[in-house]
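Residue numbers begin at 1 in each chain, while the letters A, B, ... track the order of the sequences. Note that the structure is predicted; figures quoted are calculated from it, not measured.
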Amino acid sequence: MFLLEIRSIFSILYSMELYNHKPHSASTSLKLRGASRGEAEVYDHRIVEQRWSRVWRETRLDTPRIEDVRGKPFYNLMMFPYPSAEGLHVGNMYAFTGSDIYGRFKRMQGYTVLEPIGLDGFGIHSENYAFKIGRHPMDQAKISEKNFYHQLSKIGAMFDWDRTVETYDPSYYRWTQWLFIQMFKHGLAYRDKAEVNWCPSCKTVLADEQVIDGKCERCGNTVSKKLLEQWFFRITAYAGKLLENIDGSARGGVNLDWSEKVKVAQHNWIGKKEGINIVYPVVDEKGNKITDITCFTTRPDTNFGATFVVIAPEHPFVGELLKGKSVSSNSAKAPRNKETDLAVQIRQYVEDAKKKTAEVRIAESRKKTGVFTGLYGINQLNGYRMPLYVSDFVLMGFGTGAVVGVPGHDKRDYDFAIQFDIDIKRVVVGSDSDSSDISRVEQVQEDEGTMINSEFLDGLDIHEATQRMMHHLETKGWGKPVTTYHLRDWLISRQRYWGPPIPMIFCKTCERAHKGERDDMLGWWTVPENQLPVLLPYIEDYKPGDDGIAPLAKHKEFYETKCPGCGSDAIRETDVSDTFLDSSWYFLRYPSTRSARSGQVPFDSKITQNWLPVHMYTGGAEHSVLHLLYSRFVTMALHDWGLLDFEEPFAKFYAHGLVIKDGVKMSKSKGNVVNPDEYIALYGADALRLYLMFMGPFSEGGDFRDTAMEGMSRWVGRIWRLSLASLGDLGNLSDLGDLEIKKALHRLVKKVTEDVEKRRYNTAIAAMMEFTNLVEDNGGVLDRESLKTFILLLAPFAPYLAEELWQRVKMISPGPATRVSRDSLQFDREIKSVAPSSNQSLQSEDSSQDALARVTRTNSVHLQPWPTFDSAFLVEDEATIVVQVNGKTRESIKLKTQNSKLKNEVEKAAQASEKVQKYLVGQSVKKAIFVPGKLINFVV
RNA sequence: GCCGGGGUGGCGAAAUGGUAUACGCGCAAGACUUAAAAUCUUGUGGGAGUAAUUCUCUCGUGUGGGUCCGAGUCCCACCCUCGGCACCA
């Protein structure tokens, strides 16, 4: 009976052609223990992986019933991958595996888990790659998609392949365009002429977030500034909310369970600053008032020490200053006066500043340059005449683009004052009590302190002085408290080809007639929603030019259209949107991909209510301020429009570490990528998964080495042999097994459960290794129940191996014969019925699909309940007590657990030890520190 | 400069304030083998002692202090390193 069962399953699998080599024979393969080693069935990961991935796929094991609201939904999401040039590398697989283990664990805990996958294939990244290999981006996308999905299917993740999402699919980007339209309709999208970051190599504009150290984050070239008309999203309107929620300070009590470092990064990026805008009248030499300049400061308390004013070269007043004074630098004949001289200098300075790259500006950092305007700002507190300068150390992008200089209490201002020989006044005395004049940079006092030389502020501490001064300035009408943010509006448009066309139409006729969809955007109309998507046409001249003109702008057949407002000739917007817009909402799409109900919005409201916010989001910390911030913004906006009932998209975000190779992060640009394919081929997906997770804590990343990989492969082999040996012995062993093993197993269940929840996969694996070591030291076989428990613990980490072992245990279970045979026969039958028909009609026989799903649900190891431990087994009857003398460990003694908790018992036992006595002889014990069940320390 | 991680054997790393170095890699010796691979066994922080590898002592978690019966762990100062931000007023 027993052997018959085994033979039958092998013959079935063999007939399915899932076995492409002949197994030795059922009887020898399972008769490992005691048999000579050469006969043992060797673990062949290729066969096992192929077999089970096929069965899982065809039984729809990983496709949850999304509309069934009775299950506990768990949305386990990993960050949207973009298909890279060479495909998946080990660093990507690391992230996916760490996320997948958690998903599998949650599923075994009884949750209905959705773990979707898709591709973020629109955008510069993919486009640049297409240029590089000389293939059209649209053609390349198809190829990349195939390769990427093929690779992803082999890493053993429980991806739901029935609901993939690709950003370049028109059925997806029609909704990206829809989102843009909603932004426009709600006043959150606008056009503005702005100094933007321009990458001369990528030939496009970049968001501030995409500029790293003055260089393009994509290609590394130096970014320059360019004045262009662009589309923006008003993310700054949400700055306060974005900050509140990340800090957990919202009244509603939103509290994001996110990795702390990501919260800090977002907090800093949003960069809230409370301060005051102070208005200074500006006069010329003769005292005639010319204008007002408004300066932003967070330190109005120091304002009695203000001695100059500086405006940025891009400040509007600079333009006014030069206007009307038609002075050209080469008009040598023109009579020179002081005023024109200054104008020449200013013009020259502004032009030079414009030419300076960000790189140069950073490089000369502390060396201050600037030019005097011949004008003065009046400090109305004391009537002080503050010379007005233009300097590029002041940034137009922050505050008002104008700064009041307090050289005694700001190092940058000090540098500037020294350079231009400006007065330096001390108004704060710090903890060093130095109240002398400030003549060295070390004396510049920027921290806590007490006010002096400041009239009504004297003697106050700086915080109180700040409040007092704010109030004073506001009362006098000289200033107004404001909050500013480092966060800038989101630059959305790209003068590129490979993205969703921005769904807007501009009509000159309407503009002239002062008409438009929005009063502040005359001439602009959104594409009617029933005309979406605005398809990206297949064009040959898709490469961007140096002129900043989008490729689509050269195609009349694309941009010529009729105005939705008045019907006359109009033109389409030819810019496409930023890739980050594509990925800012994809998580909303996955659960609803197959829903017929989502008509007016990209997501089914009922499904969304059940499945979102995302329960667990796993990704790299490098997206702290890009993707994560944009997604939050979009979700908040959708919430405010009444389309979502939550305002934060990701309840939990877990930032994983990076895979290091040769001392640096694994990335294509560093040229140290390792392709997982060859490792999977050589060692199997399970071994690679285990190895990656064993390298170190998931939050910290790890150092990839292939020698260590072999060690993990060895362990997989040991599990295999141990299990087969146990299977061979099952008939001879009781279900109870050895008590010591049993205890160890219960400890293991506890340990693995806790570690996986904390994502300490490395220590969970180490504990499992310790367990197999222990089993090997105790005869090398496990009883049936213990083996099953161990396989269950292994399942999230090594899904293929676990499934193979699980099915084998079930086949040859020594339990009641009738039950066993019914189970396995049924499973055989189902496998048989599904396997040969792999490419035949998936949709035809729904009833048989359901039957299969049911069978798999009862039989697959991955749908078994997660094992529990019995705390009775955790109790040891002997405890080890450490004996210390003066804090130094001298002995360890074993005692009955009961006694180990009693001080006098432990003391007695400890004193009885010869070793301990050696240290106590001739000493008097002053006291004994006792930790019940653990330690006793004699202080002598 | 500011904000976050982190410095532990030859290497990746582990340790609720309580036996530092679990687990793995590497290395060494041995078993099996004609041989190799695979597999298995044993050993493996530095120094010292003894006839004594199942023995003992001593030093040891970046540096210097401190708290404590006891510190890798807590406190103070510093050094190094990785990541983020940065002329943000």
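Rounded to an integer number of Å, the gap from CH2 of A:W720 to P of B:rU39 is 16 Å. Per the geometry, CE belonging to A:M712 stands 12 Å off P belonging to B:rG26, to the nearest Å. Put simply, CE on A:M709 is 12 Å from P on B:rC25, counting in whole angstrom units. Taking atom CH2 of A:W269 as the reference point, atom P of B:rC2 lies 20 Å away to the nearest angstrom. As rounded to whole Å, 17 Å separates atom P of B:rC87 from atom CZ of A:F416. A:E260 has its CD atom 13 Å from the P atom of B:rG6, to the nearest Å. In this entry the distance linking CG of A:L722 with P of B:rC40 reads 11 Å, nearest Å. Nucleotide B:rA86 holds its P atom 20 Å from the CG atom of A:D415, rounded to whole Å.
In this structure, the separation between NZ on A:K758 and OG on A:S699 is 11.5 Å, given to the nearest 0.5 Å.
If you check the side chains of A:R759 and A:T618, you find a donor sitting under 3.5 Å from an acceptor. A:D686 and A:H45 share no side-chain donor-acceptor pair at under 3.5 Å. Side-chain atoms of A:T369 and A:Y349 form a donor-acceptor pair, as typed in the model, at a separation below 3.5 Å.
Residues satisfying the side-chain hydrogen bond (donor to acceptor under 3.5 Å, both in side chains) criterion with A:T236, sequence neighbours excluded, are A:D489. Residues passing the side-chain hydrogen bond (donor to acceptor under 3.5 Å, both in side chains) test with A:Y691, sequence neighbours excluded: none. Evaluation of the side-chain contact (heavy atoms from CB on, under 4.5 Å) rule for A:E442 yields A:R440 as partners, not counting sequence neighbours. Under the side-chain hydrogen bond (donor to acceptor under 3.5 Å, both in side chains) criterion, A:E446 pairs with no residue, sequence neighbours left out. With sequence neighbours left out, A:A95 forms a side-chain contact (heavy atoms from CB on, under 4.5 Å) with A:H656. With sequence neighbours excluded, the residues satisfying side-chain hydrogen bond (donor to acceptor under 3.5 Å, both in side chains) with A:E757 are A:Y102, A:K106.
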**Fill in**
Note, RNA chain B 5' to 3' with Watson-Crick or G-U pairs under 3.5 Å encoded as ( ), [ ], | and . gives (((((((..(((.....[....)))((((((.......))))))(((((.....)))))..(((((..]....))))))))))))....
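Taking only distance into account, the side chain of A:K261 never meets the base of B:rC3 through a donor-acceptor pair shorter than 3.5 Å.
For the C1' atoms, the distance linking B:rC25 with B:rA35 amounts to 27 Å, nearest Å. Rounded to whole Å, the P atom of B:rC80 lies 16 Å from the corresponding atom of B:rG62. For the P atoms, the distance linking B:rG17 with B:rG72 amounts to 13 Å, nearest Å. The separation of B:rU54 from B:rG18, taken at their C1' atoms, amounts to 26 Å, rounded to a whole angstrom. Spacing between B:rC76 and B:rG43 at atom P, rounded to whole Å, works out to 43 Å. Comparing B:rA14 with B:rU8, their C1' atoms sit 10 Å apart, to the nearest whole Å. Rounded to a whole angstrom, the distance from the P atom of B:rA22 to that of B:rA31 is 27 Å. One P atom belongs to B:rU61, the other to B:rU19, and the distance between them is 16 Å to the nearest Å.
Listed candidates were B:rG24, B:rA22, B:rC69. Nearest to the side chain of A:N937 is B:rC69. Residue A:F296 has its side chain nearest to B:rA89 when only B:rA89, B:rG24, B:rA86 are considered. Comparing B:rA89, B:rU39, B:rC87 by their nearest atom to the side chain of A:R721 picks out B:rU39. Of the candidates B:rG84, B:rC3, B:rG24, the closest approach to any side-chain atom of A:M769 belongs to B:rG24. Distance from the side chain of A:K927 is smallest to B:rC69 among B:rA86, B:rC87, B:rC69. For A:E770, whose side chain is taken as the heavy atoms from C-beta onward, the closest listed nucleotide among B:rA22, B:rA89, B:rC40 is B:rA22.
Judged by closest nucleotide on RNA chain B, A:F938 is the one of A:V404 and A:F938 placed further toward the 5' end. RNA chain B is contacted by both A:S713 and A:N268; A:N268 maps to the nucleotide lying nearer its 5′ end (nearest heavy atom per residue).
Closest approach of A:G91 to A:V659, counting heavy atoms only: CA-CG2, 3.9 Å. In plain terms, the two heavy atoms of A:G240 and A:Y485 that are nearest each other are CA-OH, 3.6 Å.
Sorted by first and then second residue, the salt bridge (charged side-chain N to carboxylate O under 4.0 Å, His left out) pairs with a member in residues 394-406 of chain A form an empty list; sequence neighbours excluded.
A cation-pi contact, defined as under 6.0 Å to the ring centre and within 45° of the axis, is absent between A:R689 and A:F797. A cation-pi geometry, defined here as NZ or CZ lying under 6.0 Å from the six-membered ring centre and within 45° of its normal, holds between A:K425 and A:Y384. Figure legend: cation-pi geometry between A:K368 and A:F393, with NZ or CZ positioned under 6.0 Å from the six-membered ring centre and within 45° of its axis.
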Please produce a list of atom pairs where a protein N or O lies less than 3.5 Å from an N or O of nucleotides 36-38 of chain B.
none

Protein N or O to nucleotides 42-44 of chain B N or O, pairs below 3.5 Å:
none

**Message:** Treating primed atoms plus P, OP1 and OP2 as sugar-phosphate and everything else as base, which nucleotides of nucleotides 8-16 of chain B get B, S or - for protein heavy atoms under 4.0 Å?
**Reply:** ---SBSSSB
**Asked** Quick one: what's the B/S/- string for nucleotides 54-62 of chain B, heavy-atom cutoff under 4.0 Å, read 5' to 3'?
**Response** --SSSS---
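By the 4.0 Å N-to-carboxylate-O rule, A:E754 lies close enough to A:K750 to be salt-bridged with it.
An anti base is found at B:rG46: its glycosidic angle is more than 90° from 0.
Residue A:N773 places at least one side-chain N or O closer than 4.0 Å to OP1 or OP2 of B:rG24.
Considering A:N303, A:V427, A:V428, A:L381 in turn, A:V427 is the only one that fulfils the side-chain contact (heavy atoms from CB on, under 4.5 Å) rule with A:S454.
Between A:Y761 and A:F694, a ring centre-to-centre spacing not shorter than 6.0 Å is recorded.
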